[in-house]
A.B. asks: 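Can you keep this structure in mind? I'll have questions shortly.
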Number of protein chains: 2
Amino acid sequence: MSAAPQFTGWQAIQAEVLRRIHAREWPPGQTIPGEVALAQEFGCARATVNRALQALAEAGVLERRRKAGTRVALHPVSKATVTIPLIRQEIEERGAAYGYRLLRRQEGTHAMLTGPALHVTALHFADDTPFVLEARHISLSVIPQARNETFHEISANEWLLRNASYTSGDITFSAQAASAEVAQHLGAETGAPIFVMDRMTWDGEAAITAVRLSYVPGYRIRTVIGGS
Amino acid sequence: MSAAPQFTGWQAIQAEVLRRIHAREWPPGQTIPGEVALAQEFGCARATVNRALQALAEAGVLERRRKAGTRVALHPVSKATVTIPLIRQEIEERGAAYGYRLLRRQEGTHAMLTGPALHVTALHFADDTPFVLEARHISLSVIPQARNETFHEISANEWLLRNASYTSGDITFSAQAASAEVAQHLGAETGAPIFVMDRMTWDGEAAITAVRLSYVPGYRIRTVIGGS
DNA sequence: TAGTGGTCTAGACCACCTG
DNA sequence: AGGTGGTCTAGACCACTAG
């Protein structure tokens with residue numbers, strides 16, 4: 001917990017800058033010395049200072065503008081990075097055995113997808129206990145080879161990772177009351193609070209897939225932040 | 001939607017590398033040419049290539065190891081960055097008028113905090129409609145000046161931003177059934193699915209505050225990802 | 001042990017923006 | 001208009017690690 005990282009190079013500068021911010025030597029909103037000045041103080045090249053400050057700016061700790069200089073962020077915008085793992089990985093990382101069962105597979109259409117769509121519903125298990133219900137729609141005009149896959153042995157979740165790539169995506173998290181169907185599959189009571197993740201992915205302008213993951217009651221997603 | 005960004009410098013290299021990955025010229029798992037080779041191909045300095053590849057590695061698109069080289073990530077780890085704004089900001093960005101009301105303020109203790117703690121419960125409104133219930137515990141041994149604040153006019157959410165800094169934090173998202181009290185405050189029915197965010201922040205080893213935000217039914221958190 | 005990425009340097013030019 | 005950060009360069013040394 002208290003190991004001394006003993007930073008060197010640009011990370012040492014980053015650490016020192018962070019120290020001064022936390023120590024209120026450079027209070028929020030204040031303009032800190034320019035890169036040249038800091039480079040001179042730390043006895044290094046300006047590029048090294050730049051590297052350190054740029055990383056802090058990306059983290060939201062600093063705000064940098066040309067000519068205006070670098071200021072300590074007034075509202076240290078908390079950015080939490082949520083890692084979205086493969087469902088199989090997530091289950092196995094919990095030390096549980098992964099299980100999978102296809103519930104339904106049929107062609108149809110979907111409001112967010114152009115042309116025909118493949119609808120796949122499946123359950124993912126952790127140690128034989130339902131963990132998450134996957135309800136997915138795959139665009140058959142964009143990913144026609146999905147027609148040849150039964151999704152009986154491999155989940156659409158994993159199959160798509162191997163057979164499709166995306167350029168952008170959109171995720172929303174919400175709490176939903178379990179419908180009768182969802183409740184039944186997850187072994188919960190109808191109306192139970194369900195953590196839901198809706199994902200939409202695109203390849204350029206083409207919508208590839210839309211998926212809703214309904215997690216078993218009690219599920220929680222966790223993340224860590226470092227701030228100022 | 002289709003504006004031509006016309007990248008230059010290291011961003012152009014980044015774009016080209018991404019293009020080759022998406023075009024499957026460099027399939028997942030494959031080792032791509034070394035920095036020197038790419039620098040020669042693109043006619044730039046190695047540092048410029050390094051900048052581009054390093055950014056992609058940080059985004060999870062590439063995996064880099066010394067001596068082994070740079071490989072296209074097999075599982076493009078989806079990292080979604082969730083921005084945690086000030087509650088006031090979040091409400092105002094929705095075009096609603098922000099409102100605040102303190103519900104309770106009392107001293108006590110808290111399992112996660114050492115020493116005495118201040119317990120503050122408050123409601124945040126969007127256009128006179130309850131938006132989120134804030135139940136917070138503040139460590140009085142770490143932030144003693146909280147004793148002098150009534151939290152009648154300013155929320156603990158904002159007050160802490162001005163009066164405390166943190167070095168690390170921990171956030172969990174979950175879906176919870178509304179308790180009778182929560183339901184009453186949010187104007188929901190008991191048992192309704194509530195999106196809950198639990199946050200814990202630390203300054204070094206000292207726990208500063210623990211807060212639970214219970215959002216009004218229908219609330220959703222949204223984020224965008226760019227991937228491979 | 002040799003090859004790869006990680007980092008630093010000293011200098012330079014440029015884009016941007018505030019005063 | 002001038003100062004600030006953003007970026008590039010050419011070269012160098014080092015740390016790590018795969019073979």
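If you're wondering where the values come from, they're calculated on a predicted model, not measured in any experiment.
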A.B. asks: How about A:Arg64 and A:Thr70: does a side-chain donor come under 3.5 Å of a side-chain acceptor?
C.D. replies: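 A:Arg64 vs A:Thr70: donor-acceptor pair found between side chains.
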A.B. asks: Are B:Tyr98 and B:Phe131 an aromatic pair by the rule of ring centers under 6.0 Å?
C.D. replies: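 Centroid separation for B:Tyr98 and B:Phe131: 6.0 Å or greater.
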A.B. asks: Quick check: closest heavy atoms across A:Tyr100 and A:Ala156, and the distance to 0.1 Å?
C.D. replies: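 The answer is OH-N, 4.3 Å.
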A.B. asks: Can you confirm whether the side chains of A:Arg136 and A:Thr209 place a donor and an acceptor under 3.5 Å from each other?
C.D. replies: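 Their side chains do contain a donor-acceptor pair, which is all the 3.5 Å distance test asks for.
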A.B. asks: Measure the shortest side-chain to side-chain distance between B:Leu53 and B:Leu38 over non-hydrogen atoms and say whether it is less than 4.5 angstrom.
C.D. replies: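 Side-chain contact under 4.5 Å: yes.
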A.B. asks: Run through DNA chain D and report every stem of 3 or more consecutive Watson-Crick or G-U pairs, distances under 3.5 Å, ordered by first number.
C.D. replies: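 Stems (3+ consecutive pairs) listed as C:1-18 with D:1-18.
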A.B. asks: Under 4.0 Å from any atom of DNA chain C, heavy atoms only: list the residues of residues 34-41 of chain B that qualify, in numerical order.
C.D. replies: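 The stretch gives B:Gly34, B:Glu35 as the residues lying under 4.0 Å from the strand, ordered by number.
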A.B. asks: Would you kindly give the CD-to-P distance between B:Gln11 and D:dG6, to the nearest whole Å?
C.D. replies: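 From B:Gln11 CD to D:dG6 P: 12 Å.
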A.B. asks: Within the structure, does a side-chain N or O atom of B:Gln54 lie under 4.0 Å from either OP1 or OP2 of C:dT7?
C.D. replies: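 Yes, because at least one side-chain N or O of B:Gln54 sits under 4.0 Å from OP1 or OP2 of C:dT7.
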A.B. asks: Checking A:Arg101 now: which residues fulfil side-chain hydrogen bond (donor to acceptor under 3.5 Å, both in side chains) with it, not counting sequence neighbours?
C.D. replies: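 Checked A:Arg101 against side-chain hydrogen bond (donor to acceptor under 3.5 Å, both in side chains); zero matches.
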A.B. asks: Starting at CZ of A:Phe42 and ending at P of C:dT7, how long is that distance when rounded to a whole Å?
C.D. replies: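 Spelled out: CZ on A:Phe42 to P on C:dT7 is 18 Å.
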A.B. asks: Are the ring centres of A:Trp159 and A:Phe151 closer than 6.0 Å?
C.D. replies: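 Aromatic pair counts; centres sit under 6.0 Å.
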A.B. asks: Of all the heavy-atom pairs spanning A:Glu63 and A:Leu74, show the shortest one and how long it is.
C.D. replies: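 The answer is OE2-N, 4.4 Å.
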A.B. asks: Using a cut-off of under 3.5 Å, enumerate the N/O to N/O pairs linking the protein to nucleotides 15-17 of chain D.
C.D. replies:
residue	atom	partner	partner atom	Å
D:dA15	N3	B:Arg66	NE	3.1

A.B. asks: Quick one: is C:dT4 close enough that its OP1 or OP2 comes under 4.0 Å of any side-chain N or O from B:Thr70?
C.D. replies: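 No, no such contact exists.
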A.B. asks: Please name all residues satisfying side-chain contact (heavy atoms from CB on, under 4.5 Å) with A:Ala23, sequence neighbours left out, ordered by chain then number.
C.D. replies: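 A:Ala23 satisfies side-chain contact (heavy atoms from CB on, under 4.5 Å) with A:Arg19, A:Glu25 once adjacent residues are dropped.
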A.B. asks: I need the CZ-P distance between A:Arg64 and C:dT18, as an integer number of Å.
C.D. replies: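 About 15 Å, once rounded to whole Å.
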A.B. asks: A:Trp10 CH2 to C:dT9 P: how many Å, rounded?
C.D. replies: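 After rounding, the gap between these two atoms is 14 Å.
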A.B. asks: Please give, in whole Å, the distance from C:dG5 C1' to B:Arg71 CZ?
C.D. replies: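 It works out to 15 Å between those atoms.
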A.B. asks: Give a yes or no on whether A:Arg162 atom CZ has more than 12 heavy-atom contacts from other residues, nucleotides or ligands under 6.0 Å away.
C.D. replies: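 Not buried by this count: 12 neighbours or fewer within 6.0 Å.
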A.B. asks: What parts of residues 44-51 of chain B reach DNA chain D, counting only heavy atoms under 4.0 Å away?
C.D. replies: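 Contacting residues: B:Cys44, B:Ala45, B:Arg46, B:Ala47, B:Thr48, B:Arg51.
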A.B. asks: If you measure only the distance, is there a donor-acceptor pair under 3.5 Å linking the side chains of B:Thr172 and A:Arg222?
C.D. replies: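 Not at all, the side chains of B:Thr172 and A:Arg222 share no donor-acceptor pair under 3.5 Å.
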A.B. asks: Starting from P on C:dG5, measure out to CG on B:Leu62 and report it in whole angstrom.
C.D. replies: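 Whole-Å distance recorded here is 11 Å.
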A.B. asks: Do B:Phe195 and A:Phe173 come within less than 4.5 Å of each other through their side chains, counting heavy atoms only?
C.D. replies: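 Counting from C-beta outward, B:Phe195 and A:Phe173 do come under 4.5 Å.
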A.B. asks: Step through the shown structure and confirm whether more than 12 heavy atoms of other residues, nucleotides or ligands are within 6.0 Å of CZ on B:Arg71.
C.D. replies: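 Check fails, neighbour count at 12 or below.
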